[in-house]
Amino acid sequence: MFSLKELLTSRAMMVSSLIFLFPLCINTLRHWASSIYILIFLLSISAVRQYRFDLKKEEKIFLAILLLHVLTVATSNVLAGWTYASNRWFFAGEIRLLLAIPIYLYVRQIPEIWKWLLYSLPVGAMIIGLTGIIDFALHYYQGDVAMIFAEGIYGHIFQGNIAALLSVLSFLAIDYFRNNKLFMRLCVAGASLAFLGALVSVTRNAWLSLLVLYVLAFIMTWNASSYLSALKWKHYLGGLAVLLAVLYSLASIDYVKFRFERIVEEPIAYLNADRTKPIPLTSIGFRLEQWRGVLLAFQEKPILGHGVGNMGKVSNNYVEQDRLNQLVYQKDVAKTGQPSHVHSAYFEYLGDTGLVGFVLTLLMIFYPMYIALKKRRQSRLAWRFVFIHYTAFVLASLTEVPFIRNNWTSVFLVLGLVFFIWLVNEPTGEENRIGAESV
């Protein structure tokens, strides 16, 4: 039974409540995700002295990767020289990887902490989905369709990728709540609304994430009879009919159609362009030229790179030396020295932190996925959530840099840490069936 007194006096209850609240307004209330993350850290750091040294090998390796990533970035910044750009991004995103260690050590001690997150995921998915749908609809009915997309408070890229992630996680949670009709229906609603919220973001990476993540989710649950009994074919056919209607409506909007068609046209135009002359600005062309600049930067400093956030300055220098096309020259970076990224976490850390930082970035994302696959025969549910969560960031990292933004990094860590704790502590057998029934 819920007790207000226990909530206000128990540190574990406060942390659990914050984790429950975390998914609810990620792209609705400004600084919601980053603020809750800091609150969880403050509650955790004061309780670390209670930690029992019982970490498993997988957990020690995972936390060591996070620590080494922070140390590598700090070392790269020292060697390259601390700049305004490196300060901004180190203390915006990277420092949260360091704060994640005490958070993990404390949160791991809270029994079944993952339940709190699972209960709020479908509601969070519904909220971010509705946020996107309403935002898109307002633009449409106001006639603002020249560049129409759902943004929320942090822009269409964040909206699209996080909505896609919450949609698939809500879908996976159907199996957890298969004996609870209310929460099962909330999961279906959350998965559906967040799916639409990702579509109307008009973010191509989000569209790719929806496709890949749902394919993986269906592969993971194909042999799960509970899914087939919980969601009958009529449910899937109904969802497909709604999806086709939405896709047909979106295809009638010129900007949405343009964004889709340019997926192939922009790379071809860039590859055929004469780089000795100004190249027309396109979204994909700009990224491809930036990535070419990273390869030049990597050749100069292959081990520890140029310091996080400094690739804008480095690229500007290459443009002035006629080694890069003026397409990627950024005047704001030249005037103020502000940080600039290259629209890919993999290329970003290759240029910023060299080979060492690049390898640690890969380990930070792929190591939990490896452990999830390794434990899939012992784990019934947790491995799916871990694998899907980190796969979402594998995809987001293709054309964006999630780990330099405090809100995006907070999403990566809170969900990722809790799911990983669940994975290494997941009950087996009959114990695994009592979770949803106790709601």
Side-chain angles (χ1 to χ4, degrees), residues 69 72-73 76 85-86 88-90 92-94 97 154-162 164-165 201 203-209 211-213 259 262-264 266-267 269-271 279 281-302 304-316 318-319 324-325 327-330 333 338-366 369 390-405 407-409 411-412:
H69 197 283
T72 297
V73 172
S76 174
S86 57
R88 280 282 303 277
W89 276 355
F90 182 85
E94 198 69 29
L97 300 180
Y154 293 122
H156 68 118
I157 294 173
F158 185 87
Q159 163 72 27
N161 283 280
I162 301 302
L165 170 62
S201 72
T203 305
R204 290 171 290 204
N205 193 285
W207 294 347
L208 175 65
S209 292
L211 176 62
V212 174
L213 295 180
R259 291 277 291 176
R262 300 298 287 179
I263 292 174
V264 176
E266 288 183 4
Y270 169 79
L271 294 173
I279 299 175
L281 175 62
T282 63
S283 175
I284 296 177
F286 184 80
R287 285 165 166 77
L288 292 174
E289 186 67 3
Q290 281 190 315
W291 298 348
R292 191 167 73 88
V294 170
L295 297 179
L296 295 175
F298 176 70
Q299 292 173 16
E300 288 188 4
K301 295 185 177 182
L304 287 168
H306 297 261
V308 68
N310 290 328
M311 272 308 303
K313 180 180 68 174
V314 174
S315 296
N316 280 357
Y318 290 154
V319 173
L324 276 182
N325 194 272
L327 168 69
V328 296
Y329 189 84
Q330 299 179 63
V333 172
Q338 68 182 26
S340 176
H341 63 82
V342 298
H343 294 88
S344 169
Y346 308 115
F347 281 100
E348 185 71 42
Y349 284 100
L350 188 64
D352 284 353
T353 59
L355 188 61
V356 177
F358 174 73
V359 170
L360 285 168
T361 300
L362 293 182
L363 287 173
M364 184 173 69
I365 304 174
F366 285 97
M369 296 171 63
Y390 285 94
T391 300
F393 279 87
V394 168
L395 297 172
S397 296
L398 291 173
T399 57
E400 294 301 327
V401 191
F403 314 113
I404 58 175
R405 308 293 189 189
N407 291 288
W408 214 333
T409 307
V411 175
F412 173 74

Side-chain touch [X]/[Y], heavy atoms, less than 4.5 angstrom:
X: M369; Y: T391; answer: yes
X: L355; Y: P302; answer: no
X: S86; Y: P339; answer: no

Taking [Y]'s backbone N and O only, do any of them form a donor-acceptor pair with [X]'s side chain (distance below 3.5 Å, no angle check)?
X: N205; Y: N161; result: no
X: T203; Y: A206; result: no
X: S76; Y: L304; result: yes
X: S344; Y: L398; result: yes
X: H341; Y: E348; result: no
X: H156; Y: S201; result: yes
X: N316; Y: Y329; result: no
X: Q290; Y: V328; result: no
X: W408; Y: F158; result: no
X: R405; Y: V401; result: no

Trace of the side chain to side chain contact (heavy atoms under 4.5 Å, CB included) decision for L324 with R292: CA-CA 8 Å; L324 276 182; R292 191 167 73 88; 3.8 Å; yes

Over all atoms of both residues, closest heavy-atom pair of P267 and I284: CG-CG2, 3.7 Å

Could you measure the distance from the [atom1] atom of [X] to the [atom2] atom of [Y]? Nearest 0.5 Å is fine.
X: L288; Y: T282; atom1: CG; atom2: OG1; answer: 7.5 Å
X: S209; Y: L165; atom1: OG; atom2: CG; answer: 8.5 Å
X: T399; Y: I157; atom1: OG1; atom2: CD1; answer: 7.0 Å
X: L271; Y: E266; atom1: CG; atom2: CD; answer: 12.0 Å
X: K301; Y: T353; atom1: NZ; atom2: OG1; answer: 12.5 Å
X: I279; Y: N325; atom1: CD1; atom2: CG; answer: 3.5 Å

Exercise: do Y154 and Q159 side chains pair donor with acceptor under 3.5 Å: no

Ring centre gap for F298 and F347 strictly below 6.0 Å: no

Candidate pair D352 and V342, rule side chain to side chain contact (heavy atoms under 4.5 Å, CB included), full reasoning: CA-CA 10 Å; D352 284 353; V342 298; over 6 Å; no

Ionic contact status for R287 with E400, cut-off 4.0 Å: yes

Audit row: Y270, F286, ring pair (Phe, Tyr, Trp, His ring centres under 6.0 Å) steps and yes/no: CA-CA 9 Å; Y270 169 79; F286 184 80; over 10 Å; no

Intermediate values then yes/no, side chain to side chain contact (heavy atoms under 4.5 Å, CB included), M364 and L97: CA-CA 10 Å; M364 184 173 69; L97 300 180; 3.7 Å; yes

The single option from F358, F403, Y349 passing ring-ring contact (aromatic ring centres under 6.0 Å, His included) against H69: Y349

Side chain to side chain contact (heavy atoms under 4.5 Å, CB included) assessment of V411 paired with F393: CA-CA 10 Å; V411 175; F393 279 87; 4.3 Å; yes

Neighbour count above 12 (heavy atom, 6.0 Å) for R204 CZ: yes

